[in-house]
Amino acid sequence: MTTVRIPQDWPATEEQARAVQDALRTRVILGEPGPPPGTGRVTGVDVAYDDERDVVAAAAVVLDASTLDVVAEATAVGRVSFPYVPGLLAFREIPTVLAALDALPCPPGLVVCDGYGLAHPRRFGLASHLGVLTGLPTIGVAKNPFTFSYDDPDTPRGSAAALLAGSEEVGRALRTRDAVKPVFVSVGHRVTLDNACAHTLALTPAYRIPETTRRADALCRKALRETHPA
DNA sequence: GCGACAG
DNA sequence: ATCTTGTCGC
């Protein structure tokens with residue numbers, strides 16, 4: 001497991017962080033379809049916190065997209081780099097997530113984030129941010145609708161409804177299990193929304209949450225547990 | 001001004 | 001996110 005330092009130029013205030021988002025937003029690529037679902041590799045990233053000890057642990061787990069077997073994994077720990085502020089989540093997670101991705105022994109392929117991409121107040125959520133910084137195709141799959149609105153999708157798995165910011169579609173409420181609360185998918189970088197939803201369905205053969213996120217969540221929690229005070 | 005608000 | 005036991009059900 002690697003240890004990370006907070007970058008020297010990391011924003012210190014909410015105002016600075018929003019300015020960074022506005023600047024990087026222009027570099028997001030939305031036109032590319034992205035890798036075909038069910039092929040190659042898919043990587044899940046997630047983070048766990050211990051605000052008491054000021055520690056954050058991140059995990060990156062690479063799966064074979066067709067079998068969903070774990071191909072590789074890596075973790076990283078660091079200091080909490082930003083407080084939780086709705087809309088600024090990326091500044092809390094990204095330094096450690098980048099370190100975990102760097103520690104992987106193989107290319108990650110498509111990266112699935114636990115949170116949003118385009119579905120964001122300034123259209124630049126965690127998945128967008130991570131995509132621009134790494135150049136990798138990314139998508140966001142969130143468990144909650146944040147401030148956005150949606151109509152309940154039909155009951156069967158695979159049904160979807162637009163996730164709306166006013167009248168603008170910023171993502172999709174996608175049912176991954178029959179009659180179970182949908183997940184909220186949005187585009188990050190270099191992936192299409194239809195493709196992002198197809199990937200999400202390919203990653204949810206048994207549970208509401210993508211296997212990528214479930215594996216990364218379990219691993220970063222374990223890494224946090226096993227991180228003892230220095 | 002007040003409340004709501006990914007993780 | 002995190003604090004937290006048992007419990008109902010496939």
Side-chain angles (χ1 to χ4, degrees), chain A residues 11 14 17-18 20-21 24-25 28 44-61 75-98 100 111-132 138-150 157 162-166 168-174 176-189 193 196 200 204-210 212-227:
Chain A
E14 297 183 20
R18 290 190 194 94
V20 169
Q21 292 181 328
L24 294 182
R25 179 173 61 189
V28 173
V45 293
D46 195 18
V47 168
Y49 305 95
D50 184 339
D51 284 289
E52 288 289 291
R53 294 188 300 164
D54 192 39
V55 175
V56 51
V61 180
T75 59
V77 294
R79 302 292 218 170
V80 174
S81 53
F82 211 83
Y84 173 65
V85 179
L88 300 178
L89 177 65
F91 295 94
R92 195 169 161 73
E93 311 210 328
I94 279 189
T96 320
V97 167
L98 285 176
V111 177
V112 180
C113 298
D114 186 20
Y116 283 122
L118 227 212
H120 177 274
R122 284 166 296 286
R123 304 296 177 266
F124 194 73
L126 172 61
S128 318
H129 203 145
L130 191 63
V132 165
T138 60
I139 68 172
V141 181
K143 299 181 283 298
N144 295 292
F146 202 10
T147 60
F148 306 107
S149 62
Y150 66 101
R157 159 181 156 85
L163 184 64
L164 301 171
E168 177 185 359
E169 180 177 39
V170 294
R172 211 162 277 164
L174 177 66
T176 55
R177 297 292 290 160
D178 291 353
V180 172
K181 175 179 177 174
V183 295
F184 304 89
V185 180
S186 63
V187 154
H189 188 57
L193 182 56
T200 302
T204 50
Y207 300 98
R208 177 173 86 111
I209 304 301
T212 37
T213 299
R214 299 184 71 246
R215 293 318 239 295
D217 179 75
L219 184 56
C220 68
R221 289 192 200 214
K222 185 172 82 128
L224 186 63
R225 282 199 308 273
E226 295 172 354
T227 298

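First the proteins, then the strands, lettered A, B, ... as listed; each starts at 1. Atom set for the values below is all heavy atoms of this structure, side chains included, hydrogens, waters and symmetry mates excluded.
His129(A) places a side-chain heavy atom less than 4.5 Å from the side chain of Phe124(A). In this structure the side chain of Arg214(A) never reaches within 4.5 angstrom of the side chain of Thr204(A), judged on heavy atoms. Taking 4.5 Å as the limit, every side-chain heavy atom of Lys222(A) sits out of range of all side-chain heavy atoms of Thr75(A). In this structure, the side chains of Tyr84(A) and Asp51(A) stay at 4.5 Å or more apart for every pair of heavy atoms. Within the 4.5 Å cutoff, no side-chain heavy atoms of His120(A) are placed close to those of Leu126(A). Taking 4.5 Å as the limit, some side-chain heavy atom of Tyr116(A) sits within range of a side-chain heavy atom of Phe146(A). At a threshold of 4.5 Å between non-hydrogen side-chain atoms, the residues Asp50(A) and Val80(A) do not count as touching. With contacts defined as side-chain heavy-atom distances shorter than 4.5 Å, the pair Ser186(A)/Leu163(A) does not qualify.
OP1 or OP2 of dG7(B) has at least one side-chain nitrogen or oxygen of Asn144(A) nearer than 4.0 Å. Look at Lys143(A) and you won't find any side-chain N or O under 4.0 angstrom from OP1 or OP2 of dA6(B). Phosphate proximity of dA1(C) to Arg221(A): present, with a side-chain N or O under 4.0 Å from OP1 or OP2.
Spacing between atom CG of Leu89(A) and atom C1' of dA4(B) amounts to 16 Å, rounded to whole angstrom units. Taking atom CZ on Arg177(A) and atom P on dC10(C), their separation rounds to 14 Å, with Å as the unit. With rounding to whole Å, Phe146(A) atom CZ is found 15 Å from dA1(C) atom P. One can place CZ of Arg225(A) at 11 Å from P of dT2(C), the figure rounded to the nearest angstrom. Atom CG in Asp54(A) sits about 16 Å away from atom C1' in dT2(C), given to the nearest Å. As a whole-Å value, the separation of Glu14(A) CD from dC5(B) C1' is 12 Å. We find that CZ of Arg53(A) is positioned 15 Å from C1' of dA1(C), with the value rounded to whole Å. Atom CG in Leu126(A) sits roughly 13 Å away from atom P in dA1(C) (whole-Å rounding).
Among the pairs that DNA chain B forms, none builds a region of at least three successive Watson-Crick or G-U pairs under 3.5 Å. Looking at DNA chain C, no stem turns up: there is no run of 3 or more consecutive Watson-Crick or G-U wobble pairs with key distances under 3.5 Å.
In this structure, the nucleotide among dA6(B), dT2(C), dG7(B) sitting nearest to the side chain of His120(A) is dA6(B).
Backbone-only contact: Tyr49(A) has heavy atoms under 4.0 Å from sugar-phosphate atoms and none from a base. The residue Ala119(A) sits apart from the nucleic acid: no heavy atom pair falls under 4.0 Å. The residue Leu163(A) sits apart from the nucleic acid: no heavy atom pair falls under 4.0 Å. Using a 4.0 Å heavy-atom criterion, one finds that Gly140(A) contacts no nucleic acid atom at all.
A donor-acceptor contact shorter than 3.5 Å links the side chain of Arg25(A) to the backbone of Arg122(A). Of the possible polar contacts, none joining the Arg215(A) side chain to the Thr212(A) backbone as a donor-acceptor pair under 3.5 Å is found. The main-chain N or O of Val56(A) is never found under 3.5 Å from a side-chain atom of Arg79(A) such that the two would form a donor-acceptor pair.
By the 4.0 Å N-to-carboxylate-O rule, Lys143(A) lies close enough to Asp114(A) to be salt-bridged with it.
The stretch residues 79-86 of chain A touches DNA chain B through Tyr84(A), Pro86(A), each having a heavy atom within less than 4.0 Å of the strand.
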